[in-house]
Amino acid sequence: MSGRAFLLRGFLLLGLLGGYGVAHVASAQKFGPTEVNPPNVQQLPKLPGWGGPEATKLAIEEAIEWPQAEPRPAGRVVVRFTIEPTGAIDSLRIVRGLSAAADAAVLAAVRRLPVFVPGRQGGRPVRVAYTLGVALPTPPAGPTLVWEPEAPHQQQPAVIEERTRQQGEAQRLPCEADSAFVRRVLPVSFAQSNDLLAYSWRPSAFGKQLFFSVPGGDRDAYGSALFVLDPYQPDTYRVLVLPIDSQGDLTYLSALFFTDANHDGRKDLLALSSCSLRDPVKINGHWTYGRRTHYRTDIWQYRDVDPAGRPQYQQAPERPDLNELATAAEVRQALARPARPKAAPKVRR
């Protein structure tokens, strides 16, 4: 790394946006040449393999592609973007530019950044805005370096994870521990999870299935994602991401358990999720608003294998009778009761 990496100067304005996009204004807290606003952000977003805001600025500068012979305008391009609760970049724009070419090069470099590990407030992922002063790269003093592909162990975590998820499978190394295996093939997502469950959901001669969840789903920023790694060949795992949709606000996995939900002799996967919502309540004869926790149980069923021999799963229809049951024990008890026959619709005459 060149000396300029340690002499970066610029500024960072961090704006934390609430769950519904409401800006919270607070005084800036200074960290040397960097400003963080508001000061109550407990955990700043981090770029995997790089780090926080100053490292993000360096990563952008390293990612800028600028023709060798083109003159570089002096100064910095000030760029602003938000980091969503999913870690994705949004609302990218130039705050103060240098030239059309410089501005375009900086925007392209930001778009090439991998998915962030999102910022957190109270343990929950939140939307954060970065405003960074980015300098164009200086021409190299020595001979031109030839780019060579990185060795697998040197690749950025986001690149490794994207490849795993696109392929839908992962290879386990001999004698590799469960956590080491998952951390190697899904480094970005597993870094956001505290728990890894190994359980024989379906019979397999190649080992137990591995499960973990992370907040922020692929299709729903306020939901969660349940990762399933299922061995179907020696040291070969099917990798699936099952969505846990939002119930109206940030929704988290509360319990993961297995039982025969539809009484066909095979265990199903049940995910009990919780969400705190703002509900009307009556206190001393007056209506006001308070927060109440709501619960929902999603069910997935094993559906044999695809033409390549990989296991497949299907989400079962929603069971409204399981909603608002707060524990796995309550859900199991409800499933043990025979289903009530549906009443025939009344006919108006």
Side-chain angles (χ1 to χ4, degrees), residues 48 86-88 114-115 152-153 155-220 223-245 253 255-273 297-319:
T86 60
V115 174
H153 68 279
Q155 292 178 358
Q156 294 295 328
V159 176
I160 297 173
E161 171 139 351
E162 183 179 2
R163 182 173 62 245
T164 298
R165 296 178 65 168
Q166 286 180 347
Q167 293 175 346
E169 63 181 35
Q171 297 292 322
R172 186 168 182 166
L173 301 177
C175 302
E176 190 173 28
D178 290 345
S179 58
F181 163 55
V182 177
R183 186 178 297 110
R184 178 173 59 82
V185 299
L186 294 167
V188 177
S189 295
F190 193 56
Q192 304 174 53
S193 178
N194 296 320
D195 298 308
L196 179 65
L197 172 66
Y199 185 83
S200 294
W201 173 17
R202 67 177 187 90
S204 173
F206 307 111
K208 299 178 179 180
Q209 291 80 42
L210 304 175
F211 307 86
F212 72 93
S213 69
V214 296
D218 292 340
R219 70 184 189 187
D220 187 346
S224 292
L226 175 60
F227 286 77
V228 181
L229 292 85
D230 192 343
Y232 69 98
Q233 290 180 0
D235 297 324
T236 304
Y237 285 70
R238 176 84 157 112
V239 178
L240 293 155
V241 184
L242 308 181
I244 300 175
D245 292 334
L253 180 66
L256 186 66
F257 55 105
F258 307 85
T259 191
D260 185 0
N262 58 355
H263 307 287
D264 63 354
R266 296 198 294 189
K267 287 185 177 180
D268 303 309
L269 184 154
L270 286 78
L272 174 62
S273 60
T297 297
D298 295 310
I299 303 174
W300 281 272
Q301 300 168 334
Y302 172 61
R303 283 292 176 260
D304 299 319
V305 298
D306 64 11
R310 304 191 302 183
Q312 300 182 100
Y313 310 101
Q314 176 181 332
Q315 188 168 6
E318 184 180 355
R319 291 282 301 266

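Hydrogens, waters and symmetry mates play no part in the numbers below; they use all other heavy atoms, side chains included. Start at 1 with the first residue, then count along the sequence.
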Qualifying residues under side-chain hydrogen bond (donor to acceptor under 3.5 Å, both in side chains), relative to Gln301, sequence neighbours excluded: Arg303
Close side-chain approach of Leu269 to Tyr302, heavy-atom, < 4.5 Å: no
Pairing residues for Arg310 by the side-chain contact (heavy atoms from CB on, under 4.5 Å) criterion, not counting sequence neighbours: Glu169, Tyr232, Arg238, Asp306, Ala308
Side chain Gln192, main chain Val214, donor-acceptor under 3.5 Å: no
Phe181 vs Leu210 side-chain heavy atoms within contact, under 4.5 Å: yes
Pairing residues for Glu176 by the side-chain hydrogen bond (donor to acceptor under 3.5 Å, both in side chains) criterion, not counting sequence neighbours: Arg184
Ring centres under 6.0 angstrom apart (Tyr199, Phe211): no
Which residues share a ring pair (Phe, Tyr, Trp, His ring centres under 6.0 Å) with Phe257, sequence neighbours left out: none
Donor-acceptor under 3.5 Å (Asp268 side chain, Ala261 main chain): yes
pair Leu229-Leu186: side-chain heavy atoms closer than 4.5 Å: yes
Flag side-chain contact, heavy atom, 4.5 Å: Leu270 against Asp298: no
Point-to-point distance, once rounded to the nearest 0.5 Å, from CG of Asp195 to CG of Leu253: 9.5 Å
Min side-chain heavy-atom separation Leu242-Gln315 under 4.5 Å: no
Basic-acidic side-chain contact under 4.0 Å: Asp304, Arg202: no
More than 12 heavy atoms from other groups under 6.0 Å of CD on Glu162: no
Min side-chain heavy-atom separation Val239-Val185 under 4.5 Å: no
Main-chain N/O of Pro231 paired to Ser204 side chain as donor or acceptor, under 3.5 Å: yes
Check: Gln171 and Thr236 side chains under 4.5 Å, non-hydrogen atoms: yes
Those residues that, when tested against Asp264, pass salt bridge (Lys or Arg N to Asp or Glu O under 4.0 Å) (two or more places apart): none
pair Val188-Arg165: side-chain heavy atoms closer than 4.5 Å: no
All side-chain contact (heavy atoms from CB on, under 4.5 Å) counterparts of Ser200, not counting sequence neighbours: Lys208
Plane angle bin for Phe227 and Phe212 - parallel if under 30°, tilted between 30 and 60°, otherwise perpendicular: parallel
CG-CG distance between Leu196 and Asp178, expressed to the nearest 0.5 angstrom: 6.0 Å
